[in-house]
Amino acid sequence: MSNKRILVVDDDDGIREVIQICLEAIAGWEVIPVASGAEGLKQAEQQQPDAILLDVMMPYMDGIATFKQLQINQKIQHIPTILLTAKAKISEQKQLQNLGVAGVIVKPFEPQNLVNQIKNILNW
């Protein structure tokens, strides 16, 4: 177990809770849960997490717009970001991957596999 800190940005309370439980219980990672892209940007700058899990479809500022804002901020552009998406088509996943994110995880995901998926994407 290592003490990684993960910022989870998702507007769905249930998804955030499931992710938090999985990452804390299975990996022992600290989770910083937030419900919006704007709050995610703020917390990323303040908390400097080791990685960000970012939902693609959110109201107001979606995950793609949030990621673009992350990339133009020199204080947080180095933080690896994994997109969470319900878009299951390979072509859609490749489009998201081409944005420069560390990886893409498709929803629904198996909670027990989430930690391994993150570790594999980030080479942890």
Side-chain angles (χ1 to χ4, degrees):
M1 302 263 183
S2 61
N3 53 357
K4 302 288 189 189
R5 291 191 325 152
I6 312 291
L7 175 63
V8 177
V9 184
D10 197 309
D11 63 312
D12 186 310
D13 295 343
I15 296 288
R16 275 196 324 275
E17 188 173 338
V18 166
I19 292 171
Q20 183 169 11
I21 290 168
C22 288
L23 301 186
E24 289 178 349
I26 296 170
W29 296 337
E30 179 184 347
V31 174
I32 307 161
V34 299
S36 70
E39 182 64 19
L41 292 169
K42 180 180 170 186
Q43 289 300 317
E45 193 167 330
Q46 291 177 351
Q47 303 288 330
Q48 293 290 310
D50 296 295
I52 299 170
L53 288 184
L54 179 60
D55 184 26
V56 172
M57 294 176 35
M58 296 186 293
Y60 310 113
M61 181 188 294
D62 67 15
I64 294 169
T66 303
F67 180 70
K68 288 179 178 175
Q69 291 296 310
L70 285 166
Q71 291 305 292
I72 61 173
N73 184 334
Q74 292 183 349
K75 294 178 183 172
I76 52 179
Q77 64 185 190
H78 65 282
I79 302 170
T81 300
I82 298 171
L83 293 177
L84 295 170
T85 182
K87 295 181 178 184
K89 291 182 182 174
I90 298 296
S91 61
E92 293 170 323
Q93 291 178 40
K94 284 186 177 179
Q95 286 178 334
L96 294 173
Q97 192 80 44
N98 287 339
L99 295 172
V101 296
V104 176
I105 294 176
V106 177
K107 292 193 229 178
F109 51 83
E110 285 294 323
Q112 294 83 1
N113 295 336
L114 184 60
V115 169
N116 285 334
Q117 286 181 286
I118 293 169
K119 285 180 173 179
N120 287 337
I121 289 170
L122 299 175
N123 293 317
W124 286 357

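Count residues from 1 along the sequence.
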Heavy-atom closest pair, residues [X] and [Y]:
{"X": "Asn3", "Y": "Asp50", "value": "O-OD2, 4.2 Å"}
{"X": "Asp13", "Y": "Arg16", "value": "OD1-NH2, 2.6 Å"}
{"X": "Val8", "Y": "Val31", "value": "CG2-CG1, 3.7 Å"}
{"X": "Glu24", "Y": "Trp29", "value": "CG-O, 3.2 Å"}
{"X": "Leu70", "Y": "Ala44", "value": "CD2-CB, 4.1 Å"}
{"X": "Ala51", "Y": "Leu122", "value": "CB-CD1, 3.6 Å"}

> For the hydrophobic clusters of this structure (ILVMFWY residues joined by side-chain heavy atoms under 4.5 Å, transitively), does one cluster hold both Val18 and Ile32?
Replying inline: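 As far as the 4.5 Å side-chain criterion goes, Ile32 and Val18 are not connected within one cluster.
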
>> Quick check on Met57: does its CE atom have over 12 non-hydrogen neighbours (other residues, nucleotides or ligands) under 6.0 Å away?
In response: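 Atom CE in Met57 is not crowded, with 12 or fewer foreign heavy atoms closer than 6.0 Å.
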
> Should we count CD of Gln77 as having more than 12 external heavy atoms under 6.0 Å?
Replying inline: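 Counting neighbours around CD of Gln77, more than 12 heavy atoms of other residues, nucleotides or ligands fall under 6.0 Å, so yes.
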
>> Less than 4.0 angstrom from a charged side-chain N to a carboxylate O is my criterion; do Asp12 and Lys107 meet it?
In response: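 Judged by the 4.0 Å cut-off on N to carboxylate O distance, Asp12 and Lys107 do not form a salt bridge.
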
> Checking side chain to side chain contact (heavy atoms under 4.5 Å, CB included) against Val56, which of Leu96, Val101, Leu84, Val104 comes through?
Replying inline: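 Exactly one candidate clears the test, Leu96.
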
> Can you tell me how far CD1 of Ile76 sits from CD of Gln69, rounded to the nearest 0.5 angstrom?
Replying inline: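 Going from CD on Gln69 over to CD1 on Ile76, the span is 8.5 Å.
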
> Hey, is the main chain of Lys75 close enough, under 3.5 Å, to the side chain of Gln48 for a donor-acceptor pair?
Replying inline: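 Flag set: sc Gln48 to bb Lys75 pair under 3.5 Å.
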
> Given side chains that start at C-beta, do those of Met58 and Thr66 come closer than 4.5 Å, heavy atoms only?
Replying inline: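 Side chain of Met58 against side chain of Thr66, heavy atoms only: contact under 4.5 Å found.
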
